[in-house]
Amino acid sequence: MRMERERLVVATSDNGWTVAGEIDASTAPALDDALCTLPAGNGAVVVDVSDVTFIDSSGLRVLISLASRADDTGRSVILEQPSPTVKRLLEITGLTQMFGLASDPADT
Amino acid sequence: VTSSGDDSALLDQRAVLDALDGAVVVTSPDGLILLWNRTAELLYGWLEHEVVGRSILDVLAPPAELATNHGDVDLVADDMSMDGDRLVQRRDGATIRVRTRTTPIVGPDGCSIAIVGLSEDIGDLHIADQQSHDLFEQFGYAREAAGLGTWRWDMATGHTTWDERLESLFGLPNGGFDGSFDMSVSLLYPDDREQVLAIVADAIETKSRYRVDHRVVWPDGSVHWLSGVGGVTLDGSGAVTGTVGCTMDVTDRIEKELIRQRLAEATLRASEIEEVQRDRLAFLALTNEALNASSTIREMMENVTRQAVPHLGDWCAIHVVTPDGRSSPEVEFAHVDPELEARARRVFEQLPYDPDAQDGVPAVIRTGVSEYHPDLSDEATSGSATEARVLASHFDLHSVITVAIKRSGRIFGAVQFSASASSRRYTTEDLTLAEAVAGRIASSIENIRLHERERQIAHTLQYSLLPTSLPDIADIDIAVRYWPNGALVEAGGDFYDVFELEHDGQCAVVLGDVCGTGPEAAALTGLARHTIRDSAWHGDEPEQVLTALNRAVRRSGNETFLTCLYGTLDTESRPQTLTVTCGGHPLPVHIRSNRAVALGVPGTLLGALDDIAVVTTSIALAPGDVVVFHTDGATDAPPPHDLDETEWTQLVGEAARPGGTAEEISDRIERALEAIVPFKSRADDIALVVLAVRSDDGYR
């Protein structure tokens, strides 16, 4: 599946999606729709967020919802190559571990 | 005539003969010329003495070329009588035409002794006759060529004579016209009869010529155009004796003219219609603009009425019923003439609104049925349109349209357009246009009401969730700021709280951000504030407060989460202490001696996971210290206006550097944020809490 919004592009990959662009209140619903069905298999769901240039709490909510659904079937969500903006948000919100990122020693 | 002895008598007789207008020639019975008067000399060119004694036949010979012809010469040849018209040759060789009467002079024995001939030149007369004859022939040809039919009406007998051609022009066979006046009238096209008869009567009256184009109906029913030219005939005394004239078929010409005329009219009409349509479209476009530019009902009413005149009339009134429908509708109007508008306001103030009126605005608002009075002067006696006639009498309005402002069966009011007698008369197209405009006004009212309601709810909700007053804390100055999102339509998710704890001199400072907006976010905000206060008043440590909050959000079943900064202040201890515990929230900024740094340790946001990891950081405050809590709305504007941590820390540091009260520092931060993206254009709400520690001499 490939869908385009003005400022957000989501493409499916073998084990998840590649998301690029800005994720805010106006683009988050489209992202939520795009990530609604988990990829087939039992392995970790991988979301490439290397080209996400902006993300706020609306985007975080979509990612948390995805992680929660994956967790229900015993799967985890890995955010691959998080861009600085994604990394920062995950750090602020203390969710680096939740998305399979190496946690900052300062967190613990 | 014979000679006489009396000279004077002779002279007189001769003078008489010479004075005669006619040429007198006396011959002997055998034709020898005896007398030739003066006029004969002038007519024939021969002098008397030259011809006396000669034979008349020699002198007045016919022209050589006619010698062998019949006619005049025969007369001369048959006998000596020269009576009649004939051609003779003058002395100079010219041929002249003369008319001669001869009379014999009879002697006592009964025999003629002489013949007297009296002749006159009839050349001119003959030419006139000839010309007349030729003309008549030419006229005949022309008549043939032009298809002219002729008639003659004899007034005395009442009989009209038509020639064959005229009969054919009326579609009649030869002899088909009976000559009666009645029949000639009956053949005229009924609608043209009166005009034709009037023109003929006028011509007879004034004894003049006339021309008339008219239609005739042929016996086969077909209609033909004829053009007649006639004149009256007069008798010697100048009395009219009848008419004569001729007529031709001009059907082709007239029909072409009519077609051309019709085409010209159609073109004109089409261009008029086009212009009106253009005006209407322009009016609709302007109305849309007026509606779009209105954010309140009152503004909309003013914009629409101002814009409607003079585009759709001289007067426009709009009535909008109040949402509760109990009081009289709100009224706004515009008139092209400002003076009349001022008068209208006075009239309307004096006229009580009668919701049960049988016609006009109240009836339209009640029934939703449009009222359409294209011309009030026509209906002055019909008994309806009472209100419209009041308008008409007060403001010189003659054409009125009143339509309901309605949408999906709901009636919001009525809009009325009127035109003065001098400007326009409404058509059903205008009615349609007015209804279209009213429909747009209706949806505009719906939107404005909805928007107003949403804003009101958002506002009420938001402020109900914020503390109305802050506790007074010794030596620490606190300022809070909250800016709703620019659209103001939904309650945002940011909240703050400052409250005293159980122990004297201790208080909690809370700043949070519920993910999402609207009623759900508002509900969670309320839950968060109460949970935090409950837990804190219960004596829980900061980590426990946030853990309690996380649990409460998880249990609420809300599919959302929040971030929260929980701070405590101990103002009794020396130095004063501040703790900050962060649940997934952006870290506060601590400014001391112009150095701004992030304070605390990131922790897990609340509501997303069953277990959270949060850390409490404690610092000792020094006089002049400033701490700023913020929500992500301050930094997370869409690129390129987003601020990273370094930029934000720098912004806050600069705002704090000049010192002053917490309020003053807040004002500086506000100005800096406004400069980056104006608050009214921001999509997210922003909350700030600024703590400023008083120094011994006030604020640093």
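Below, chain A is the first sequence line, B the second, and so on; all start at residue 1.
For the options A:Asp71, A:Leu60, A:Leu90, A:Leu89, heavy-atom pairs under 4.5 Å to chain B are most numerous at A:Leu60. Between chain A and the residues B:Ala608, B:Pro586, B:Gly603, the most heavy-atom pairs under 4.5 angstrom are made by B:Gly603. Counting heavy-atom pairs closer than 4.5 Å to chain A, the top-ranked of the candidates B:Asp644, B:Ile612, B:Asp684, B:Thr560 is B:Thr560. For chain A, the option among B:Asp642, B:Val614, B:Leu609 with the highest count of heavy-atom pairs below 4.5 Å is B:Leu609.
Within the model, atoms CD of A:Gln97 and OG1 of B:Thr604 stand 8.0 Å from one another, a figure rounded to the nearest 0.5 Å. Here the straight-line distance linking atom CZ of B:Phe561 with atom OG1 of A:Thr93 works out to 8.0 Å at 0.5 Å rounding. From B:Leu587, atom CG reaches atom CD of A:Glu91 across 10.5 Å, with rounding to the nearest 0.5 Å.
Taking all atoms of both residues into account, the shortest heavy-atom contact from A:Ser57 to B:Cys515 is O-SG, 3.4 Å. Listed here is the closest heavy atom pair of A:Ile92 and B:Glu645: CD1-OE2, 4.3 Å.
Contact of A:Ser68 with chain B is not made at all, since no heavy-atom distance falls under 4.5 Å.
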Which side-chain N or O atoms in residues 629-638 of chain B pair as donor and acceptor under 3.5 Å with protein atoms at least two apart or in another chain?
residue, atom, partner, partner atom, Å
B:His630, ND1, B:Trp648, NE1, 3.1
B:Thr631, OG1, B:Asp494, OD2, 2.6
B:Thr631, OG1, B:Ala687, N, 2.9
B:Thr635, OG1, B:Asp632, O, 3.3

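Close approach to chain B, defined as a heavy atom under 4.5 Å from one of its heavy atoms, is seen in no residue of residues 72-85 of chain A.
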